[in-house]
Amino acid sequence: MTATRQKVRKAIIFCLFLTFPVIMNYFSPALIAMGASEGVINGSLLLFGLLFVSALFLGRGFCGWVCPIGGLQEACFMVKDKRLTGKKIDWIKWVMWGPWIGLLVFLVIKAGGFRSIMPLYLMENGISVYEPTGYINFFLVLMVIVLLAFSVGRRTFCHTTCWIAPFMILGRKLRNIFRWPSLRLKSEKEKCTSCMKCTKSCPMSLDVNDMVQREKMENTECILCGTCIDVCPEDVISYSFSAWK
Ligand code: SF4
Ligand code: SF4
């Protein structure tokens, strides 16, 4: 069952990656800015808002189970699987996200506020790459993601560049303040033999064993993929849908 769960998870994110030429624009921060400058709420802004709401109950489960960019990065593991050890790089995404949010606010104010909702803004029948030149952007985005995975390590794009992750992290933080029930990891420290399999296999390169030892399974970079649950020979870690104790 546990090996099957990871096969299913990977199949979902790999398949969604194959649809990326169609859905890419729903993940585009540039399109949100273009829409904002015309007072338009576009498809990606709607998606980002939905992901913020999902994070209130499911944390970053989207990143682990649905994200096509996550699928591409985990496909990179098959070629080169490099753990991010001892690198403090998570702050980088906030340095880019903050000015981007500031720009959006400026553009919306300049446009006189949002006046319309257009989920298919600048798309042809909802398809993102609908002409050959569109593949230039597509391959540039892919190149950055793959280069980061190969040169720095596992899911570096998620740690440093993803413009959606901050929405979900903020949703999760809000949930942690009010502590309503949500999907989370729980652990039984006394069963742990410190074999380190969880730490070695975490796609976000988190020190899961340390999280277990400190009895602190909450981590803003955890994507709730369940890999640590499924590799642990002692069944130390499990999912729980409950309030944070
Ligand atoms: S895989 Fe399980 S037993 Fe091994 S270190 Fe992680 S939690 Fe402990
Ligand atoms: S801590 Fe576990 S659930 Fe969270 S990202 Fe790492 S392997 Fe996935």
Side-chain angles (χ1 to χ4, degrees), residues 9 13 26-27 29 32-33 36 41 43-67 69-70 84 87-106 108-109 113-114 154-190 192 198-199 202-229 232 236-245:
R9 184 185 74 82
I13 55 176
Y26 296 99
F27 296 83
I32 292 183
I41 294 175
S44 37
L45 185 53
L46 289 172
L47 178 69
F48 290 16
L50 277 175
L51 291 176
F52 170 79
V53 174
S54 83
L56 299 175
F57 301 96
L58 301 173
R60 290 182 65 182
F62 169 86
C63 310
W65 286 85
V66 185
C67 181
I69 300 171
L84 280 168
K87 296 188 180 85
K88 299 253 183 284
I89 55 175
D90 300 328
W91 57 272
I92 296 172
K93 60 179 168 287
W94 295 98
V95 172
M96 292 188 280
W97 191 78
W100 174 67
I101 289 288
L103 174 69
L104 289 188
V105 172
F106 169 75
V108 172
I109 293 172
F114 285 120
R154 286 180 194 170
R155 279 189 179 246
T156 300
F157 184 86
C158 305
H159 284 284
T160 62
T161 317
C162 180
W163 41 86
I164 310 177
F167 287 95
M168 284 183 278
I169 291 172
L170 291 175
R172 186 63 171 189
K173 283 186 183 290
L174 193 63
R175 179 264 163 196
N176 287 345
I177 292 169
F178 292 99
R179 301 190 177 196
W180 54 70
S182 74
L183 187 67
R184 64 187 185 91
L185 298 179
K186 67 174 184 177
S187 63
E188 297 169 82
K189 177 185 167 185
E190 55 287 350
C192 177
C198 50
T199 297
C202 174
M204 291 297 281
S205 303
L206 303 181
D207 189 345
V208 191
N209 174 250
D210 182 62
M211 290 159 61
V212 170
Q213 297 308 320
R214 289 190 293 117
E215 298 181 87
K216 191 173 181 297
M217 299 307 288
E218 184 64 25
N219 188 310
T220 53
E221 295 302 318
C222 174
I223 56 172
L224 293 170
C225 65
T227 305
C228 54
I229 301 172
C232 178
V236 171
I237 308 167
S238 57
Y239 280 127
S240 171
F241 196 91
S242 56
W244 187 19
K245 290 168 197 158

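Heads up: numbering here begins at 1 and tracks the sequence. What you see is a predicted model, and the numbers here were worked out from it, not measured in a lab.
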Worksheet item: Would a 4.5 Å heavy-atom cut-off, applied to side chains only, mark L185 and C228 as touching?
Response: yes
Worksheet item: Hey, are the side chains of V212 and M217 touching, using non-hydrogen atoms and a 4.5 Å cut-off?
Response: yes
Discussion item. Taking the side chain as everything from C-beta on, heavy atoms only, tell me whether I223 gets closer than 4.5 Å to F62.
Written reply: no
Worksheet item: Between atom CE of M168 and atom SG of C158, what is the distance when rounded to the nearest 0.5 Å?
Response: 9.0 Å
Worksheet item: Would you call V66 and I13 a side-chain contact if the rule is heavy atoms closer than 4.5 Å?
Response: no
Item to complete: Sort and list the pairs that fulfil side-chain hydrogen bond (donor to acceptor under 3.5 Å, both in side chains) and have at least one residue in residues 161-172, not counting sequence neighbours.
Response: R172-S182, R172-E218
Practice prompt. Applying side chain to side chain contact (heavy atoms under 4.5 Å, CB included), run through Q213 and C192 and close with a yes or a no.
Written response: CA-CA 8 Å; Q213 297 308 320; C192 177; 3.3 Å; yes
Discussion item. Tell me which one of N209, T227, I229 satisfies side chain to side chain contact (heavy atoms under 4.5 Å, CB included) with C198.
Written reply: N209
Discussion item. With a 3.5 Å distance limit and no angle check, can you tell me whether Y26 reaches the backbone of L47 through a side-chain donor-acceptor pair?
Written reply: no
Discussion item. Please check this pair: side chain of R175 against backbone of G59, looking for a donor-acceptor N/O pair closer than 3.5 Å.
Written reply: no
Discussion item. Would you compute the distance between atom CD1 of I237 and atom NZ of K189 and round it to the nearest 0.5 angstrom?
Written reply: 14.0 Å
Discussion item. Could you walk me through whether C225 and R9 satisfy the side chain to side chain contact (heavy atoms under 4.5 Å, CB included) test, starting with their C-alpha distance in whole Å, then the side-chain angles of each, then the deciding distance to 0.1 Å, before giving a yes or no?
Written reply: CA-CA 8 Å; C225 65; R9 184 185 74 82; 3.7 Å; yes
Worksheet item: Between Y239 and K186, is there a donor-acceptor pair closer than 3.5 Å when you use the side chain of the first and the backbone of the second?
Response: no
Worksheet item: So, do L206 and T199 sit near enough that their side-chain heavy atoms are less than 4.5 Å apart?
Response: no
Discussion item. Quick check for you: to the nearest 0.5 Å, what is the distance between W97 atom CH2 and I164 atom CD1?
Written reply: 12.5 Å
Worksheet item: Can you tell me how far the CZ atom of F57 sits from the CG atom of L183, to the nearest 0.5 Å?
Response: 12.0 Å
Response to the item:
In short, R179 meets A243 closest at the heavy-atom pair O-CB, 3.5 Å
Fill in: F114 atom CZ, over 12 foreign heavy atoms within 6.0 Å
yes
Item to complete: Evaluate the side-chain proximity of T160 to W91: yes if any heavy-atom separation is below 4.5 Å, no if none is.
Response: no
Item to complete: Answer whether the closest heavy-atom distance between the side chains of P166 and K93 falls below 4.5 Å.
Response: yes
Worksheet item: Rounded to the nearest 0.5 Å, how far apart are CH2 of W180 and OG of S242?
Response: 14.5 Å
Worksheet entry | salt bridge (charged side-chain N to carboxylate O under 4.0 Å, His left out) contacts in which one or both residues fall within residues 94-105, not counting sequence neighbours | none
Worksheet item: F167 vs W100 aromatic rings, parallel, tilted or perpendicular, using cut-offs 30° and 60°?
Response: perpendicular
Fill in: Student check: side-chain heavy atoms of W94 and I169 closer than 4.5 Å
yes
Worksheet item: Only one of R60, R154, R155 clears salt bridge (charged side-chain N to carboxylate O under 4.0 Å, His left out) with E221; which?
Response: R60
Worksheet item: Roughly how far, to the nearest 0.5 Å, is SG of C63 from CG of L58?
Response: 11.0 Å
Discussion item. Looking at F241, I want to see if its CZ is surrounded by more than 12 non-hydrogen atoms of other residues, nucleotides or ligands under 6.0 Å.
Written reply: yes
